[in-house]
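Worksheet: one structure, shown below.
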Amino acid sequence: MKLDQKQQPPALLLLQGPNTYVFKAVRSQRDDVTQAEQFRVIAPADPGVAVPLWLEGVVPGTYRMSLVVGEAAEALRCDLGEANQLLVR
């Protein structure tokens, strides 16, 4: 990593429905983001987010999804909206 790159904070995927579940996200390279003009100044390191989901123990139902980025008081939450709900059968 270059010294001028900004390390990205940890990220989680939150599922809320019949029960609430938290899945750890994995940071990854996103060339489209690191090369975009609007991000050149901050030069983010590993700005991509992938979330491996193991749904075997998840109670069936419809879940709203939110992405939580950061830690403790500095964490930010983004609700992914109605169009991105997860149906578990």
Side-chain angles (χ1 to χ4, degrees):
M1 175 170 65
K2 296 187 310 188
L3 291 177
D4 61 344
Q5 285 186 317
K6 178 171 174 41
Q7 187 62 40
Q8 298 301 303
L12 303 170
L13 180 70
L14 178 65
L15 298 182
Q16 292 180 291
N19 287 343
T20 298
Y21 300 92
V22 178
F23 294 88
K24 184 178 178 182
V26 178
R27 290 293 186 164
S28 62
Q29 180 61 33
R30 286 272 312 268
D31 291 337
D32 60 321
V33 174
T34 55
Q35 294 173 8
E37 188 63 37
Q38 64 266 40
F39 297 117
R40 286 184 198 253
V41 174
I42 62 171
D46 296 333
V49 177
V51 184
L53 298 177
W54 182 258
L55 300 175
E56 186 174 303
V58 174
V59 173
T62 301
Y63 291 84
R64 289 190 66 92
M65 296 189 291
S66 299
L67 188 62
V68 179
V69 178
E71 296 180 286
E74 295 185 14
L76 299 174
R77 179 176 166 184
C78 177
D79 186 310
L80 300 182
E82 293 260 339
N84 293 301
Q85 290 185 354
L86 177 67
L87 174 62
V88 177
R89 296 179 183 199

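Just the heavy atoms: all of them, side chains too, but no hydrogens, waters or symmetry mates, feed the values below. All figures in this text were calculated on a predicted structure; none of them were measured in a lab.
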Open item on the list: Would you say CD of Glu71 has more than 12 non-hydrogen atoms from neighbouring residues, nucleotides or ligands within 6.0 angstrom?
Closed with: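 Not more than 12 within 6.0 Å, no.
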
For residues 9-19, please give each side-chain donor-acceptor pair under 3.5 Å, one per line with the distance, not counting sequence neighbours.
unit_1 : atom_1 : unit_2 : atom_2 : d
Gln16  : OE1    : Arg77  : NH2    : 2.5
Asn19  : ND2    : Tyr21  : OH     : 3.2

I'd like to know if [Y] and [X] are part of one continuous hydrophobic network [Ile/Leu/Val/Met/Phe/Trp/Tyr, side-chain heavy atoms within less than 4.5 Å].
X	Y	result
Val68	Val51	no
Val33	Val49	no
Val69	Val22	no

Locate the shortest heavy-atom distance separating [X] from [Y]; write the atom from each residue and the value.
X	Y	result
Val58	Val88	O-CG1, 3.9 Å
Leu86	Met65	CB-SD, 4.1 Å
Arg27	Asp46	CD-O, 3.4 Å

- [ ] Please step through side chain to side chain contact (heavy atoms under 4.5 Å, CB included) for the pair Tyr63 and Leu55, ending with a clear verdict.
- [x] CA-CA 12 Å; Tyr63 291 84; Leu55 300 175; over 6 Å; no

TODO: Please check if the side chain of Arg40 supplies one atom and the backbone of Thr34 the other of a donor-acceptor pair under 3.5 Å.
DONE: no

- [ ] To the nearest 0.5 Å, tell me how far Asn84 CG sits from Ser66 OG.
- [x]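 Going from the CG atom of Asn84 to the OG atom of Ser66 covers 10.5 Å.
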
